[in-house]
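Structure first, commentary second.
Everything numeric in this text was worked out from a predicted model, so none of it was measured.
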Amino acid sequence: MFEKIIADARKSPKIVAVAAAQDMPVLEAVFAALEQGIAIPLLVGDEAKIRTLASEIGIDLTNITVINELEPAKAALRASRLVRDGQADFLMKGLLQTAELLRAVLDKENGLRSGSLLSHVGIFEANSYDRLLLLTDAAMVMYPDLKQKVELIQNAVTVARSMGVERPKVAGIAAVEVVNLNMPPTLDAAILTQMNRRGQIRDCLVDGPLQLDTAISAEAARHKGIKGSEVAGHADILLAPNIETGNAIYKTINQMTSCQIAALIIGASAPIVLTSRADSARTKLLSIACASRLALYLKS
């Protein structure tokens, strides 16, 4: 499944502006993307350090643009401006704090404001699952209200559609599968389901509340007697009720399974690759591929 995304990205490689690119794992990932024809790097940061690191890992910078900007915060602004001005197609975090990158993204003069909610979408490929599974939000929106959950769904649906899932199935995750007035996530999930049925949330199918196992396992859904749901057992997108739940699901999948993982920030005027330093080189590469595919979709 990720291989198809990589193949699609190769058909029209995009330019990635890397903010504070003086980071060895990030350089390895962006140049792996270059070698595979997925994306073309444009490096912004401490040029001397970038060139030293590139030399240490055998990367040839002869035909690569390197823009010298010593301060990480200024490098973030410069990289963001390059995307805003159309000189790059998406943004990637290098050796700087997430808060510094997001300040640049939200900067009125140089940033990538779009008026939409910025949200995190995790993308997983598991051998036991016959499709990609998306999760939101594990890193950005802490305690989304109902309006924000609508936006989280819309953002995740955009990512899913960029990957060829025309009408993704969205599961509103909760601890139980009945509406419980003492459990706000069950109320939100039920309201979102009704909004979807009335056409207020488009281009997807929403159902909830659903427990995690019922959302992704058809066997669990049958065992629990869940009937009349096109989402139960077949979810493409998991909507977490809050950041603790989303983060726990993301980290559990990352640490305890052999899933391949990618992650994006969506909601700006261009995709943002914002991976953790603990993420593998493969995760960074897959995230670049997904961002490249999403950038193409958003411009189509």
Side-chain angles (χ1 to χ4, degrees), residues 6 9-10 13-113 118 120 139-140 261-265 268-292 294-295:
I6 289 173
R10 286 190 184 120
K14 299 302 177 185
I15 299 172
V16 51
V18 185
Q22 60 273 13
D23 180 86
M24 188 173 290
V26 168
L27 286 174
E28 289 174 335
V30 296
F31 278 90
L34 177 64
E35 288 177 355
Q36 295 190 35
I38 296 169
I40 302 163
L42 197 165
L43 308 177
V44 184
D46 187 324
E47 184 172 2
K49 290 182 179 178
I50 291 170
R51 293 193 179 279
T52 297
L53 289 171
S55 177
E56 289 177 5
I57 55 182
I59 290 174
D60 183 4
L61 295 177
T62 301
N63 297 314
I64 300 301
T65 299
V66 181
I67 298 173
N68 188 41
E69 186 56 75
L70 299 181
E71 295 183 28
K74 290 183 178 179
L77 283 170
R78 189 76 174 271
S80 181
R81 183 60 181 262
L82 290 168
V83 178
R84 177 173 175 149
D85 290 348
Q87 297 180 58
D89 299 293
F90 61 98
L91 183 65
M92 182 173 184
K93 176 190 171 188
L95 190 62
L96 77 166
Q97 297 296 317
T98 296
E100 290 179 309
L101 185 73
L102 293 178
R103 274 195 293 271
V105 168
L106 296 174
D107 185 84
K108 290 183 179 179
E109 294 183 3
N110 302 287
L112 303 172
R113 287 172 176 260
L118 291 181
H120 179 274
M140 287 288 293
I261 300 175
L264 300 174
I265 301 296
S269 60
I272 302 167
V273 178
L274 200 159
T275 53
S276 165
R277 288 183 63 83
D279 284 330
S280 68
R282 178 68 174 171
T283 291
K284 291 181 173 68
L285 175 65
L286 293 176
S287 299
I288 292 169
C290 290
S292 183
L294 179 58

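Across all non-hydrogen atoms, the minimal contact from Ser80 to Ala104 is OG-O, 3.6 Å. Residues Leu27 and Ala54 come closest through the heavy atom pair CD1-N, 4.3 Å. Of all the heavy atoms in Pro271 and Asp89, the pair that sits closest is CD-O, 4.0 Å. When all heavy atoms of Ala19 and Ala76 are compared, the closest pair comes out as CB-CA, 3.7 Å. For the residue pair Glu47 and Val66, the shortest heavy atom distance occurs at CG-CG1, 3.6 Å. For the pair Ala17 and Ala88, the tightest heavy-atom approach, listed with the atom from each and the gap, is CB-CB, 3.8 Å.
Rounded to the nearest 0.5 angstrom, Lys74 NZ and Arg81 CZ are separated by 15.5 Å. Going from atom CG of Leu96 over to atom CD of Glu71 covers 12.0 Å, rounded to the nearest 0.5 Å. Atom CE of Met92 is separated from atom CG of Leu101 by 10.5 Å, given to the nearest 0.5 angstrom.
Judged by distance alone, with hydrogens and angles left aside, the side-chain atoms of Ser287 form a donor-acceptor pair with the main-chain N or O of Ala263 at under 3.5 Å. Put simply, the side chain of Lys284 gets close to the backbone of Asp279: a donor and an acceptor are under 3.5 Å apart. Although no hydrogens or angles enter the test, the distance criterion places a donor-acceptor pair under 3.5 Å between the side chain of Arg84 and the main chain of Glu109. In this structure, the side chain of Ser292 does not engage the main chain of Ile288 through any donor-acceptor pair within 3.5 Å. Side chain of Gln22 to backbone of Lys49: no donor-acceptor contact under 3.5 angstrom is found.
Shown here is Asp85, whose CG atom has more than 12 heavy atoms of other residues, nucleotides or ligands within 6.0 Å. Annotation for Arg78: atom CZ does not count as buried by contact number, only 12 or fewer foreign heavy atoms lying within 6.0 Å.
At least one side-chain heavy atom of Leu285 sits under 4.5 Å from a side-chain heavy atom of Ile38. Leu61 places a side-chain heavy atom less than 4.5 Å from the side chain of Leu43. Taking 4.5 Å as the limit, every side-chain heavy atom of Leu95 sits out of range of all side-chain heavy atoms of Val26. Between Glu56 and Thr52, the closest side-chain pair of non-hydrogen atoms falls below 4.5 Å. Looking at Leu112 and Val83, their side chains come closer than 4.5 Å, going by heavy atoms from C-beta outward. Annotation: side chain of Ile64 is in contact with side chain of Leu34 (closest heavy-atom distance under 4.5 Å). Thr275 is not listed as a side-chain neighbour of Lys93, based on a closest heavy-atom distance of 4.5 Å or more. For the pair Phe90 and Leu294, the minimum side-chain heavy-atom distance is 4.5 Å or more.
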The test is side-chain contact (heavy atoms from CB on, under 4.5 Å); show your working for Ile261 and Leu286 and say whether it passes. CA-CA 7 Å; Ile261 300 175; Leu286 293 176; over 6 Å; no
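For the side chain to side chain contact (heavy atoms under 4.5 Å, CB included) criterion with Val44, the lone passing option out of Leu91, Leu82, Ile50, Val18 is Leu82.
Every residue was checked against the side-chain hydrogen bond (donor to acceptor under 3.5 Å, both in side chains) condition with Asn68, not counting sequence neighbours, and none meets it.
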